[in-house]
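Down below is the structure, laid out as structure tokens.
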Amino acid sequence: MPAWRNSWRPARLEEILPSGVVRCHLSPRNCTLKEGQNGFCGVRGNRGGCLVTMNYGKSVHITEETIETEAVNHYSPGERILSLGNIGCMLNCVFCQNWKTAQAKCVDDKDVHLYSPEDVVEIALRRNIRCLSWTYNDPVVWHEFVLDTAKLARQAGLINLYKSAFFISAEAIEELIPYIDIFSISVKSADPEFYKKYTSGWMDPVLDGCKRVFRAGRHVEVSNLMVTDISDSEESARRVVEWVLRELDSTVPLHFVRFHPDYKMRDTERTPVPRILRAREIALAMGVENVYVGNMYDTPWTNTYCRSCGSLLVERYGLNASVTGVDAFGKCLKCGRDSHVKLLPPSRPVPTTENPGPDLTEVRAMNWHGDVRGAHLQIVNSGSETAHAYYRRHAENAHDAAWRVLSLKGGEGYRVSVAKSRAEETGLEVAAQRGIHCLIHEVFDRAHFPTVPVDEGQAETDVTPLPVYQGKQVSIRAMKAQSGC
Ligand code: SF4
């Protein structure tokens, strides 16, 4: 048994039943558990007749990213966020892009780091990051830690973003609403049969939950992963759009996201781009105001345009954004129409230097290639004094003059996600002072964790070195052949 399962603490949303049995009311599954049993999620269980959580404060490495990573385009574009993912999930989607942490049985101790709520808030404040993102596998099964930390973060003036598949009970949502500012909800489909067949869950609680947080006045964005051949049809897109327009609002941003083969669905290919673009056209034609494509680069359809005059309001490339055409209230500078983009006051600039100094012991580079247009820099200071790491971007025969400076206290580790920021950019250079070790992890798009360092994987191929699930595969082709479609 992995060591991370060896400690636990009391869980919320417990119901005590006769004979030492407990019921969990965190997700709609409502697992009923006898002594020693674990729930479907693998991270809550019955210990001594009480409901316990086994993943409190246990996280994959805290990672600095941009808010676009979370399919959030209308809240402080380009904002730096601090992302935390944990262990377990209340669903088991065959196409999961985060299975290595979502499936508790697949989690290695080496990928688990311990944080307290105070640690998380301190790291964000010290790095001038204003937004915490509860993300990756799924924050639902991290309820106690999310609540404790989000409350503390709120007191410190930070914002909380919750990125989830949202298979969650109404009671749990009510506990989150006071502390969560932004909900980015991954709606897998608006077809109940799809949920039953591919997610091990069911649809109604997800859609009801979206309505609940929207009606509570929270900022909501909806994303829909278009999985090749099973949820990338025009009909599938139409159903999602109809639901958004009927139950939410035409101003809620909608993201159609490209899938990569993963977990139990590797017998397929990435979602064909024309299907994503067609979904976008359909949604716009049906009346959704802001429709985006996700996990795609070199496309104008990650930008925000004014729906009245067509002006470019927010320019994006990959996961990078710059606000160009709205005023401080989110109104189009040209025609005054409300873009429904919320802006925060300008943040303090990140530290940069043109001269990192002579005592650099590690200088490394990587090139973007194929679909690998992002990297996680995993930086560890093994010394006892504060030391610095640096990175900058390069293009053909040129590089940025300024290096971004990352200061690490003695013994500290940190992760930063860096994505290609313009078409002509070719890659990254990383440098570090004595005592700092830096690993580069290639990443596909936005959506997977943990990652594999370049040195251990198949670098410089068109395929990022994703961990490969060794269990049984689901063959969509075979299923389709059997059903004759
Ligand atoms: S969170 Fe959901 S899956 Fe996990 S124990 Fe509770 S009801 Fe079961």
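Just follow the structure's listing: the first ligand is 1, and inside any ligand the first atom is 1.
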Open item on the list: Run the side-chain contact (heavy atoms from CB on, under 4.5 Å) test on Ile180 and Leu161 for me, step by step, so that the C-alpha distance in whole Å, both residues' side-chain angles and the decisive distance to 0.1 Å come before the verdict.
Closed with: CA-CA 6 Å; Ile180 303 295; Leu161 187 168; over 6 Å; no

Task: Carboxylate-amine/guanidinium contact Arg12 Glu144, below 4.0 Å - done: no

- [ ] State plainly whether the residues Arg126 and Glu412 are in salt-bridge range, i.e. N to O under 4.0 Å.
- [x] yes

TODO: Would you check if there is a donor-acceptor pair between the side chains of Gln97 and His260 at a distance under 3.5 Å?
DONE: yes

- [ ] Consider only side-chain N and O atoms of Lys151 and Thr149, and report whether a donor and an acceptor are under 3.5 Å apart.
- [x] no

TODO: Give a yes or no on whether the backbone of Phe256 and the side-chain of Asn224 come within a donor-acceptor separation of less than 3.5 Å.
DONE: no

Task: 2.8 Å shell around atom 2 (Fe) of ligand 1, exclusive bound, protein N/O/S atoms - done: 1

